[in-house]
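Everything on this sheet refers to the single structure shown next.
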Amino acid sequence: MKNQSIVTTFIMLGLSSNPQLQVPLFILFLSIYIIALLGNLVIIAAILSSSKLHRPMYFFLFHLAVVDIICTSTIIPKMLRNLMVVSKSISYPGCMAQFYFFSWSLGAEMVLFTIMAYDRYVAICHPLRYSIMMNKTICVGLSALVIVIAVVNSWVHTGLVLRLSFCGPNVINHFFCEIPSLLALSCTSVRLNEVMLFIADIFLAMGDFLLTCVSYCFIARAILRIKTTEGKRKAFSTCSSHLIVVSFYYSTVIYTYIRPASSYSFDRDKIIATLYTLVTPTLNPIVYTLRNKDVKMAIKKMLPYPGK
């Protein structure tokens, strides 16, 4: 069906319409953006500059950092602008572009979490076969798989949204162009969109989460075999922090996308959306490098006056 949209501009309500909250929210999300951007850029620079980090684990961490930069840069700059201006608008093409790149980063991040969990599973449970099971060809193939799944996911959902008609109202009760808020404004049936969202949620979100949990279950079993208490503590501490962030991300995404559009409560759901669009990309650099000596050493070497 051909798109018959007559809406050329959408108005974004953002997180709050209270004028007194605009400046505090601007400062908060500018800080989040700076932390996320700098954190992920530092990881990218450290991995590129250190030969010790040219290994599968860091190869995928590099990809995750790039995806997180794309995700936050797709959403936050426009969000910050709208917090400071009276006309909180976004053009129809701009909204569709924002939705496309967010859908791409969402699909890529979910698959990357699964692949990174599998990489840790191989490293811990099959250390002698690690170089064979995670060789360069396999890593490049997994990287290509991430891109293909992310592109297909974003093409399908963006294409289905482009088929909808938007004839008014044009007010989006959200801080960016996310599919539930767009479906709520459609003048035509969104049944096909909801069906495809449900399928993607089952196979992409829940499927990836299940595979990730399976990997961590095998990792936990291997850790329990470690004889020293200190070794178990360090291993569990690292893996648990990874699993908490991954579970945090998947649970909020699954909760948002598995429901029909008629059941959304945007005042609540847009708060939840900040968790997987803004908070997780900010936490990832911290969680995946905080206890990593190789990454911290590579970062120190990049400093003008590295510590001894």
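A quick note: this is a predicted structure, and the numbers were derived from the prediction, not measured.
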4.5 Å side-chain heavy-atom contact, [X] and [Y]:
| X | Y | answer |
| --- | --- | --- |
| C95 | L182 | yes |
| V246 | M116 | no |
| N153 | W104 | no |
| L204 | V111 | yes |
| L142 | V146 | no |

Measuring from atom [atom1] of [X] to atom [atom2] of [Y], what distance do you get when rounded to the nearest 0.5 angstrom?
| X | Y | atom1 | atom2 | result |
| --- | --- | --- | --- | --- |
| L162 | Y92 | CG | OH | 4.5 Å |
| L275 | L283 | CG | CG | 9.5 Å |
| I69 | L38 | CD1 | CG | 9.5 Å |
| I70 | F101 | CD1 | CZ | 8.0 Å |
| I90 | M96 | CD1 | CE | 8.5 Å |
| Q98 | T74 | CD | OG1 | 7.0 Å |

Exercise. How far apart are the C-alpha atoms of M297 and K301, what are their side-chain angles, what is the distance that settles it, and do they pass the side chain to side chain contact (heavy atoms under 4.5 Å, CB included) test?
Worked result: CA-CA 6 Å; M297 185 62 67; K301 288 182 178 179; 4.1 Å; yes
Over 60° means perpendicular and under 30° means parallel, so tell me whether [X] and [Y] are parallel, tilted or perpendicular.
| X | Y | answer |
| --- | --- | --- |
| Y121 | F218 | tilted |
| F60 | H63 | tilted |
| F176 | F102 | perpendicular |
| H242 | Y216 | perpendicular |

Could you tell me which non-hydrogen atom of [X] sits nearest to which non-hydrogen atom of [Y], and how far apart they are?
| X | Y | value |
| --- | --- | --- |
| K88 | Q22 | NZ-OE1, 3.5 Å |
| S91 | G94 | OG-N, 3.0 Å |
| A273 | H174 | CB-CE1, 3.6 Å |
| S215 | A117 | CB-O, 3.7 Å |
| F166 | V161 | CE1-O, 3.9 Å |
| L164 | S189 | CD2-O, 3.6 Å |

Paired with L61, the side-chain contact (heavy atoms from CB on, under 4.5 Å) test is passed by just one of V66, I43, L53, N284, namely I43
Co-membership, hydrophobic cluster, residues [X] and [Y], 4.5 Å side-chain:
| X | Y | answer |
| --- | --- | --- |
| M302 | I44 | yes |
| V7 | L13 | no |
| V195 | M206 | yes |
| L112 | V140 | no |
| L41 | I35 | no |

Any side-chain to backbone donor/acceptor pair from [X] onto [Y]? Under 3.5 Å, distance only.
| X | Y | answer |
| --- | --- | --- |
| T158 | W155 | no |
| S251 | F248 | yes |
| S181 | C177 | no |
| T188 | S165 | yes |
| N82 | M79 | no |
| N40 | A36 | yes |
| T114 | M110 | yes |
| T256 | T252 | yes |
| K78 | S89 | yes |
| S247 | I244 | no |

>> Set out, in order, the CA-CA distance, both residues' side-chain angles and the distance that settles side chain to side chain contact (heavy atoms under 4.5 Å, CB included) for K296 and I299, then state yes or no.
In response: CA-CA 5 Å; K296 289 192 287 188; I299 293 172; 5.5 Å; no
Query raised in the report: Checking ring-ring contact (aromatic ring centres under 6.0 Å, His included) for the pair F175/F29: CA distance, chi angles, key distance, verdict?
Result: CA-CA 12 Å; F175 58 90; F29 290 108; 7.0 Å; no
Derivation and outcome, side chain to side chain contact (heavy atoms under 4.5 Å, CB included), residues D208 and Y250 = CA-CA 9 Å; D208 281 329; Y250 280 117; 3.3 Å; yes
Next item on the list: Check whether more than 12 heavy atoms from other residues, nucleotides or ligands sit under 6.0 Å from atom OH of Y130, and answer yes or no.
Entry: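 Atom OH in Y130 is crowded, with more than 12 foreign heavy atoms closer than 6.0 Å.
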Just wondering, more than 12 heavy atoms not from R129 lying within 6.0 Å of its CZ?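 Count not over threshold, so no.
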Requested in this report: Any pair with a residue in residues 18-56 that passes disulfide bond (SG atoms under 2.5 Å apart), sequence neighbours left out, goes on the list, sorted by first then second residue, please.
Outcome: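 For residues 18-56: none.
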Q.
side chain to side chain contact (heavy atoms under 4.5 Å, CB included) for V23 and M84? Distances and angles first, verdict last.
A. CA-CA 8 Å; V23 173; M84 290 291 100; 4.2 Å; yes
(request) Could I get the full list of disulfide bond (SG atoms under 2.5 Å apart) partners for C213, not counting sequence neighbours? (result)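 Not a single residue meets the disulfide bond (SG atoms under 2.5 Å apart) criterion with C213.
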Going by atom types alone, do Y33 and T282 pair a side-chain donor with an acceptor below 3.5 Å? no
